Number of protein chains: 2
Amino acid sequence: MMLFVSTDGAVRTPSAASASEAAAIHPTRLRLLQVATRLFQQRGYHAVGLAEILALSETPKGSLYHHFPGGKQELAEACITRISASTMAALDDASASGADIIAFLQKLGAESAAWLERTDWRDGSLLAVVGQEHGGGDGPLADAVRIAYQRIEMRLAKWLMLEGVAVARARDIAATIIAAHEGAMLLARCRRDNTPVSLTTAMLCAMVERG
Amino acid sequence: MMLFVSTDGAVRTPSAASASEAAAIHPTRLRLLQVATRLFQQRGYHAVGLAEILALSETPKGSLYHHFPGGKQELAEACITRISASTMAALDDASASGADIIAFLQKLGAESAAWLERTDWRDGSLLAVVGQEHGGGDGPLADAVRIAYQRIEMRLAKWLMLEGVAVARARDIAATIIAAHEGAMLLARCRRDNTPVSLTTAMLCAMVERG
DNA sequence: CAAGCGCTAGACGGATCGGTCTATGATGCT
DNA sequence: AGCATCATAGACCGATCCGTCTAGCGCTTG
């Protein structure tokens, strides 16, 4: 249950992608997406050069521009929509399995903390990093982040409504969860210390419980 | 009452700096700090080139390396410590003026929202942007952000203790406020919509009130 | 005045950036 | 076999990156 980050960015030995995408995605394309996502979520869009992405994924430049004619920007866009898709899928799974929101929040907090520690606080949220760099702008990347957050919020809100929360309140709670969780990940990363994540998780649980 | 952002980045007509620093800071140095802070908090460290900073501040390259021998990195470090200092000063002022935390949180939320809108959601939190880019790393910039967050958190906690909150709880609340507020600013910026800020403010107030 | 210093001014350079281009390897179809 | 298509491979390019360096301005000081 990891939201906002990609955990499959192993280098040269791409872990098996989720079944749905393994069927359709070209191996080179997948490798590029995994490595690029990993690097972008560590350092941001502008801080990572194509040279590094190509070297770590052992891919020649020609292949990149074959699979992503739009170059670096299209690659980053694809990374964002891929993270967005996997996050929504995770939310749907959790919702379908009948878990309640409180359990979900606690699991999210625990696994986020574990992930941060496991990466030595190097990896953050791709959406947050790119979002910070592009803010309220109007480029393709800013749009991709905007849409990703919107869709994730909608899934979360839908789930909350399934649990009986009123429509307007569900959307509010969803947005609050996303904002607080992203902020907690950031602060935890900067401080190399997970307490912001657990504190925020507790606060979010309290908010949801009070309705 | 703005935390985490610089509002004085006017170009070529530097608004009067706070009295304390106007006395000591060389005009050119101040202009560089203002313009650089503004640009960094809009787009991040790596996305902003020296050329743009120099052009907007109408400063030749020689001046930059005279005032900041360490180049771009030292300039960014100075921007971070300057934001950190002004944020701590604002917290001290608010605390000394006898306001309570709830009033502070509401004012912070309202003014942050107004600021986001006024900049057309272009400007974000400098600490957050640079923090995202450098994560838990160990460069001078990562350290500067880490220290800045730590100091701000301590000031906030101190204020909370003045209001009777227990030591440990005060530090927890402070960290939670910072994390949630940063996350709210990010999400609001990405969505070009301030509701995450007001929602988060409400949640934080509820948390503080329950103690 | 001459010397020294703080600061401005911008030319210059090596490195790296993202992107284009041509050539070639691999695969499948007829 | 011959052809077409997908994909790899990397040389190459102009632009931009950050940083160094020398020259000179203006002010104070001896």
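Predicted model only: the values in this text are computed from it and were never measured. Here is the naming used below: chain letters follow the sequence lines, and residue numbers restart at 1 for every chain.
For B/His46 and B/His134, the distance between ring centers is under 6.0 angstrom.
Rounded to whole Å, the distance from CG on B/Leu32 to P on D/dC18 is 14 Å. Rounded to whole Å, the distance from CD on B/Glu52 to P on D/dT16 is 12 Å. Taking atom CZ on A/Arg43 and atom C1' on C/dC17, their separation rounds to 15 Å, with Å as the unit. The interatomic distance linking B/Gln73 (CD) with D/dT20 (C1') rounds to 17 Å, in whole Å. To the nearest angstrom, P of D/dG19 lies 10 Å from CD of B/Glu74. Between B/Lys72 atom NZ and D/dT16 atom P there is a gap of 15 Å when expressed in whole angstrom units. Taking atom CG on B/Leu50 and atom P on D/dG19, their separation rounds to 6 Å, with Å as the unit. One interatomic measurement links the two molecules: OH of A/Tyr65 to C1' of D/dC13, which rounds to 13 Å at whole-angstrom precision.
For the salt bridge (charged side-chain N to carboxylate O under 4.0 Å, His left out) test, no residue two or more places apart in sequence or in another chain qualifies with B/Arg29. B/Trp159 meets the ring-ring contact (aromatic ring centres under 6.0 Å, His included) test with B/Phe104; sequence neighbours excluded. Partners of B/Glu52 under the salt bridge (charged side-chain N to carboxylate O under 4.0 Å, His left out) rule, at least two apart in sequence or in another chain, are B/Arg43.
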Between protein and nucleotides 8-16 of chain C, what N or O pairs are separated by less than 3.5 Å?
| unit_1 | atom_1 | unit_2 | atom_2 | d |
| --- | --- | --- | --- | --- |
| C/dT8 | OP1 | B/Thr28 | OG1 | 2.3 |
| C/dT8 | OP2 | B/Ser63 | OG | 3.0 |
| C/dT8 | OP2 | B/His67 | NE2 | 3.0 |
| C/dT8 | O5' | B/Ser63 | OG | 3.2 |
| C/dG10 | O6 | B/Gly62 | N | 3.3 |

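Of the possible donor and acceptor atoms, one in the side chain of B/Arg189 sits under 3.5 Å from a partner among the backbone N and O of A/Gln132.
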Problem set entry | Base-contact (B) and sugar-phosphate-only (S) positions in nucleotides 22-28 of chain D, heavy-atom cut-off under 4.0 Å, - elsewhere | -------
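Among pairs with a residue in residues 170-188 of chain A, those fulfilling side chain to side chain donor-acceptor pair (under 3.5 Å) read A/Ser112-A/His181, A/Ser125-A/Glu182, A/Tyr149-A/Glu182, at least two apart in sequence or across chains.
A cation-pi arrangement is not found for A/Lys72 relative to A/Tyr65, the charged atom failing to lie both closer than 6.0 Å to the ring centre and inside a 45° cone about the ring normal.
A 4.5 Å side-chain heavy-atom check between B/Gln41 and B/Leu127 finds every atom pair outside the cut-off.
By the 4.0 Å N-to-carboxylate-O rule, B/Arg192 lies close enough to B/Asp120 to be salt-bridged with it.
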